[in-house]
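Just the heavy atoms: all of them, side chains too, but no hydrogens, waters or symmetry mates, feed the values below. Labels below follow one simple rule: chain letters A, B, ... track the order of the sequence lines, proteins then strands, and each chain is numbered from 1.
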Amino acid sequence: MTATAKRSRIERYEPTEVEPRWQAKWDELRLHETDLHDRSRPKSYILTMYPYPSGDLHIGHWYIVTPTDAIARFHRMHGENVFFPIGFDAFGLPAENAAIRGGFLPREWTMQNIANMRRQFRTMGATFDWRAEVVTCEPEYYRWNQWFFLKFLEAGLAYRAMAPVDWCPKDQVVLAREQVEGPNRVCWRCGTPVVKRDLEQWFFRITKYADELLSYDAIHWPEPVRLMQTNWIGRSEGAEITFETAQSEHHAGGEPIRVFTTRPDTLFGATFMVLAPEHPLVERLTAPTVKPAVDAYVYQSRRQTEIERLSTEREKTGVPIGADAINPVNGERIPIWIADYVLAGYGTGAIMAVPAHDERDFVFARKFGLPVRRVVAAPGTEADDPMDDAYVAHTVDERLVNSDRFSDLPAEDGGHRIVEWLAKDGRAQATVGYRIRDWLISRQRPWGTPIPVVYCDRDGIVPVREDQLPVVLPDDFEYQRNGDNPLLHHPGFLDTTCPKCDGPARRETDTMDTFVDSSWYWYRYLSPHKDDGPVDRPLVDTWCPVDQYTGGAEHAVLHLLYARFFTKAMRDCGLVAEDEPFKRLFNQGQILGADGERMSKSRGNVQDPDELVQRFGADTVRLFLMFMGPWDQGGPWSPSGIGGVHRFLTRVWTIALDPHGSEPGDPESGHLPAGEDEQAARTAIRRAAHKTLMVVTAEYESFKFNTMVAHLIELANTLMRYRGTSVAGLAEWDEAVRLLLLMLAPSAPHIAEELWSRRLVVAGSAWSSIHTERWPEPDEAVATDETREVPVQVNGKLRDRVVVPAGISEIELEQVVLARDKVRAALGGKAPERIIHAGGGRLVNIVVR
RNA sequence: GCCGAAGUGGCGGAACCGGCAGACGCGGCGGACUUAAAAUCCGCUGCCCGCAAGGGCGUCAGGGUUCGAACCCCUGCUUCGGCACCA
């Protein structure tokens, strides 16, 4: 028989035949349905961020989901009851944009995409429990958004307010503070520069939880995400200090103006005061003589969109309002200015300007010729040394100067004393400032959760009664040429009756930010169709918090912050018991297009996974994505290398089905490696398998999938070397193949199942799925080498390597090493000064002078 | 500007806690099998000198600590991510 004839005995590996067959079988067996009430095993809630139904799954979805699926499967093989659901984040602008382009209503477009994506998801072979699916644009989901809104309203966590808000002129929508990006302040979605508008809007009071959100004690999250959230919340300790206006010709004086500062120690250096142009006192304090200039400035800064603000290095502007304030520490009159570098929304909208110790104030003072007075001096600096820059450093040794009786005190201490002193008669108070603002949830778009309130001429703003929920979104709205929210022109939706007086009323047409949907969806997975409440409390208590959450880092201060807020708010409304939603978080990197840019249809750099699955199979695609590099890194997409992973699976196929075959292209094929007898070969195989099991187990646990795959490839290569030899097919070989398949099962579930099944047939055993097997235990004794190779350095340079018994003593090792020719040559006759045995015998370094 | 992450062969990347730099894969070169090609398999593959044995150099650049540095420290450069006058 020729070698080719031998090879042809086994079928080729055909993933397109294998994979759908097993997917159907798993479905039939309901292998992936979780019994949420099974308490006999430890629970494990594995969650991956649900996708927006944009139309097609792209390679980025696979990159997020398939390793997460491997994690879920790995846990299941450890005997845990794993819940791994998926759903769709179905409200949002892309559906509207598609509808405006024509041909579809947002609902139709969305539902078609969902149907398509469900089909695509199945080709992954992921273990989703589809019974848990949530689709957020369904009334059975979004009615609970409305219900939460009413609860939050009751609890004072939702409110309506007039506020200057960021408006995207292209999307015709108000944006949350978190959705405005970059120095040019552009819309996160379309990149259009936003403009300010004054509008009555609905807010969620996330600021109430600012301090609690700063604590990460209960969660294990990546440091970068925690830092980003911490910076976003932006807590700074300081004091509010009350100045009073001075009496002048046009003004009686005595009007309090509160300022916020983090540097009360510099109070004696305040040489002027600046109000935000929007500050309510501006109108009242402005002197008649400068009123035209002040009005012009206020008008201009109000009108100014952020477009004009091309750079933060922009020239500072401002005008004096012709009034003075009195510095409470020294009674000095200081001029009041308005300038747009003071923000109305932070602190009190007013600052005391200390040009000597604040860069911005310094620049402003220089530009307008305002006095600069040093009040903090570093060691070696005199109180009246001239200043070329603001001195802002904070060191332990600096002391106060020019500060009356506080002079010579250390700066920090002096600051405290100044506040204490002023606090006695209520002119100061220690406070905390935050950068974070309340979450603006109103959107002027029709494709979202209707906010459940009505406007009644008699009763004003009236919440919809709980028993009247859901406020159902009509499907048949029409887009308006003028860009108005279509709901404003939909009488069937708009006209209603007042829940209080039954008189005619108008519905709120604003809908909720879609981030409301994603702020609690993982709770709903546990009871997606429950119709008497948003969450099933006993199930939530059993299953939450989520044990492992995976998703992109782009949500660090959007979704992930809102989700934490929602959990805390739900807790305070008595709905859940926990403080945090996600115990552990892993941010995988992003797959970019081949051009290094974000994948998008418009750039034409989207990689279609279906095509790769057709060619190589889902298992190869899954494994390749895991092998590419560290999971948290991502990177530009390149398919080169996928062939290597596919070859690996083909080798696994060959090893498992044809251990006795040989390679005609290799003259050594069928012979044991030189110098190895059968016994040594059997030991080598066992050792390789158990060593691999040890490292692969650790790599699954720490999500180091790239090296995990590398180690599986290595094991397969080792087995390949023994194929066709006298040890192929023996017990050790068989065990190694068995371990290889089990280790492969979480990552390449189809081929593992197929080969496992065929082994069972050969063994005459009844069929059972590899995915219900327990993860194997390594035999550490077997995995330990009897000898080891020790690198030998002389003065830190590698000169030789010696193979010694594993248990050799340091003294014996030194004798062996010093007798080596290469070592003696390198020593050049000199006596060793010192011999270093590094890290448990990993290396020997001989030091000579 | 501030905060954070990172810089290793032609490429993706590996290297536990300061201890053999380049695992594994791609690509490349050579070979086997084949009438031939594909597929598959085997060998080599950081750079330089050398027929070879061997030697020298090498982890962004420059300095430092150490018996020993890709890893720690200092200075600088580059790339990526976040923030955007937050008093």
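- Across residues 620-627 of chain A, A/Phe627 each have a non-hydrogen atom less than 4.0 Å from an atom of RNA chain B (numbered order).
- Protein atom CE of A/Met720 is 11 Å distant from nucleotide atom C1' of B/rC42, rounded to whole Å.
- For the pair A/Arg435 and A/Trp232, the cation-pi criterion (under 6.0 Å, within 45° of the ring axis) is fulfilled.
- The A/Asp358 side chain lies nearest to B/rA87 when the options are B/rC85, B/rA23, B/rA87.
- Ranking B/rA87, B/rC85, B/rC67 by closeness to the A/Arg834 side chain, first place goes to B/rC67.
- The A/Val342 side chain lies nearest to B/rA87 when the options are B/rA87, B/rG25, B/rC26.
- The A/Arg435 side chain lies nearest to B/rA84 when the options are B/rG25, B/rA84, B/rG13.
- Applying the side-chain hydrogen bond (donor to acceptor under 3.5 Å, both in side chains) test between A/Arg263 and each of A/Thr261, A/Asp265, A/Thr266 identifies A/Asp265 as the sole match.
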Using a cut-off of 4.0 Å between protein heavy atoms and nucleotide atoms, how would you tag nucleotides 52-57 of chain B 5' to 3' with B, S and -? ----SS
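- Atom pair A/Asp389:CG and B/rG1:P shows a separation of 14 Å (rounding to whole Å applied).
- The ring of A/Phe515 has its center no closer than 6.0 angstrom to the ring center of A/Trp439.
- Position along RNA chain B of the nearest nucleotide to A/Leu227 versus A/Thr707 favours A/Leu227 as the more 5'-ward residue.
- Each of B/rG13, B/rG25, B/rG82 was ranked by its minimum atom distance to the side chain of A/Asn717; first place goes to B/rG25.
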Atom pairs, N/O to N/O, protein against nucleotides 18-20 of chain B, distance under 3.5 Å?
| from | atom 1 | to | atom 2 | distance (Å) |
| --- | --- | --- | --- | --- |
| B/rG19 | N2 | A/Asn845 | ND2 | 3.3 |
| B/rC20 | O2 | A/Arg801 | NE | 2.6 |
| B/rC20 | O2 | A/Arg801 | NH2 | 2.7 |

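- Between A/Tyr346 and A/Phe260, the ring-plane angle classifies as perpendicular under the 30° and 60° cut-offs.
- Atom CZ of A/Arg226 is separated from atom P of B/rG4 by 14 Å (rounded to the nearest Å).
- In this structure, A/Phe368 and A/Trp337 have tilted ring planes: the angle between them lies in the 30° to 60° band.
- Contact of the A/Pro15 side chain with the A/Asp619 side chain is not registered, since no non-hydrogen atoms from C-beta on lie closer than 4.5 Å.
- Where A/Val847 and A/Met352 meet RNA chain B, the nucleotide closest to each residue was compared, and A/Val847 sits on the side nearer the 5' end.
- The same atom, P, is picked in B/rC49 and in B/rA38; the two are 33 Å apart, to the nearest Å.
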